[in-house]
Amino acid sequence: MSHPSLVLGIETSCDETAASVVRDGTEILASVVSSQTHSQHGGVVPEVASRAHLEQLLPVIDETLREAKCRPQNLDAIAATTGPGLVGALLVGASAGKALSLAWDLPFVAVNHLHGHIYAAFLEEPDVAMPLVALLVSGGHTMLVEMRDHGDYKLLGQTRDDAAGEAFDKVARLLGLGYPGGPEIDRLATEGNPEAVRFPRPMLADGYDFSFSGLKTAVANHLKKHPNTSTQDVAASFQAAAVDVLVTKAVRAAQNTSTGSLVLAGGVAANSELRRRFAEAADDIGIAHFLPSRSMCTDNAAMIAAAGWQQLRIQGASPLNTAVDPSWGFAA
Ligand code: KG4
Ligand code: ZN
């Protein structure tokens with residue numbers, strides 16, 4: 001059999017319904033992301049998300065194939081996220097992927113969403129040097145991962161409570177901003193003073209694990225005591241504290257492992273201050289770094305197709321009875 005080339009990726013783990021066609025794990029022919037609006041609820045409501053995926057997924061796949069100028073018979077495989085994520089949301093994408101793989105007689109690949117986030121880097125820079133250290137920061141996860149080769153990951157550390165994105169979203173809520181809060185805080189922080197309030201830097205000196213719930217509580221306490229602090233100053237000061245911790249630990253991991261490059265991944269990797277500080281810190285220690293473009297940091301299906309293409313080469317197809325796993329961790 002010739003090497004698989006064109007992979008249809010499907011992503012429905014949270015509130016983005018996405019499909020993409022990617023050639024050889026790197027060339028995006030089409031990537032369609034339909035974002036649901038959960039802002040009126042201040043967060044994602046699982047049942048609402050599953051229903052919206054059901055309504056949107058087939059139109060999104062149709063649009064993707066049309067944009068890619070690709071017919072089902074041109075595809076070589078289908079890759080769908082099967083975890084981690086919301087169980088009902090995952091089921092919609094995984095079931096559609098399996099059904100289409102049966103109908104179109106194509107191999108099915110069950111992809112880990114977290115692997116997908118790291119593959120966002122390979123989509124734009126296929127030659128990222130390995131071993132690499134990835135700082136994966138999203139709404140559900142905050143992790144430092146050493147990737148020694150394709151399919152060979154080691155979890156170095158992770159959050160003990162809230163994820164970084166969750167902290168941005170919760171602080172945004174305290175400030176009366178909409179959901180998701182990360183982009184709003186990012187924007188407001190540019191108008192604020194990051195030194196206006198000295199928020200704590202939790203676990204800064206210890207290892208590779210993170211903790212963000214204390215930082216969020218510190219913001220809540222500050223707002224109770226000083227309700228008149230400007231929203232911009234609180235946003236900038238909170239962001240400075242969160243970014244300080246994330247960058248310090250990523251640098252520590254890079255220096256203590258024989259890493260060739262530092263990679264930023266996940267929705268929070270779209271944050272301007274994190275991108276700036278991460279790049280600056282990598283330059284300071286003389287390690288190559290890679291920041292995927294913003295649209296590839298937040299959930300999309302191109303990253304799932306790219307991860308699925310590599311997985312197919314290394315491990316082959318997944319059985320059609322592969323179950324979704326809402327709490328699938330990093331290791332295979
Ligand atoms: O990776 P992602 O799209 O979904 C998950 O897998 O969780 O990440 C979503 C998270 C949300 O918490 C959102 O607030 C955060 O990424 N985010 C940001 C920015 N853009 C998205 N956080 C800080 N600054 C941003 N510019
Ligand atoms: Zn994600």
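Indexing begins at 1, ligand by ligand and atom by atom, following the structure's order.
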Do [X] side-chain atoms and [Y] backbone N/O form a donor-acceptor pair below 3.5 Å?
| X | Y | value |
| --- | --- | --- |
| S261 | H289 | no |
| D24 | T26 | no |
| N271 | V268 | no |

Under 3.5 Å, is there a donor-acceptor pair between the H141 and Q158 side chains? no
Just by distance, with hydrogens left out, do D186 and S272 show a side-chain donor and acceptor under 3.5 Å apart? yes
Considering only protein heavy atoms, which is closest to [atom], and at what distance to one decimal place?
| atom | result |
| --- | --- |
| atom 4 (O) of ligand 1 | D299 OD2, 3.1 Å |
| atom 24 (N) of ligand 1 | N271 ND2, 3.1 Å |
| atom 7 (O) of ligand 1 | G139 N, 2.8 Å |
| atom 11 (C) of ligand 1 | D169 OD2, 3.6 Å |
| atom 22 (N) of ligand 1 | G182 CA, 3.3 Å |
| atom 26 (N) of ligand 1 | D186 OD2, 2.8 Å |
| atom 17 (N) of ligand 1 | G267 O, 3.6 Å |

Please could you name the atoms of ligand 1 that [X] approaches to less than 4.0 Å, counting only its heavy atoms?
| X | result |
| --- | --- |
| T298 | 3 (O) |
| G165 | 12 (O) |
| G140 | 7 (O) |
| P180 | 13 (C), 14 (O) |

Carboxylate-amine/guanidinium contact [X] [Y], below 4.0 Å:
| X | Y | result |
| --- | --- | --- |
| K170 | E166 | yes |
| D244 | R277 | yes |
| E63 | R66 | no |

Which of these, V243, N300, V268, has its nearest heavy atom closest to atom 15 (C) of ligand 1? V268
With a cutoff of 4.0 Å, is [X] in contact with ligand 1, counting heavy atoms of the residue only?
| X | result |
| --- | --- |
| R294 | no |
| H117 | yes |
| P183 | yes |

Could you check whether the rings of W328 and H115 sit parallel, tilted or perpendicular, using 30° and 60° as the cut-offs? tilted
Aromatic ring pairing H150/F122, orientation class (parallel under 30°, perpendicular over 60°, tilted between): tilted
Consider side-chain contact (heavy atoms from CB on, under 4.5 Å). Of L90, T81, D299, which one does C14 pass it with? D299
Determine whether the side chain, the backbone, both or neither of H113 has a heavy atom under 4.0 Å from any heavy atom of ligand 1. side chain
Residue D299 atom name (nearest to the Zn ion (ligand 2); N/O/S): OD1
Within the structure, does E166 bring an N/O atom to less than 3.5 angstrom of an N/O atom in ligand 1? no
Side-chain touch F108/T82, heavy atoms, less than 4.5 angstrom: yes
H141 N/O/S atom closer than 2.8 Å to the Zn ion (ligand 2): no
With a cut-off of 2.8 Å, does any N, O or S atom of H117 fall short of it relative to the Zn ion (ligand 2)? yes
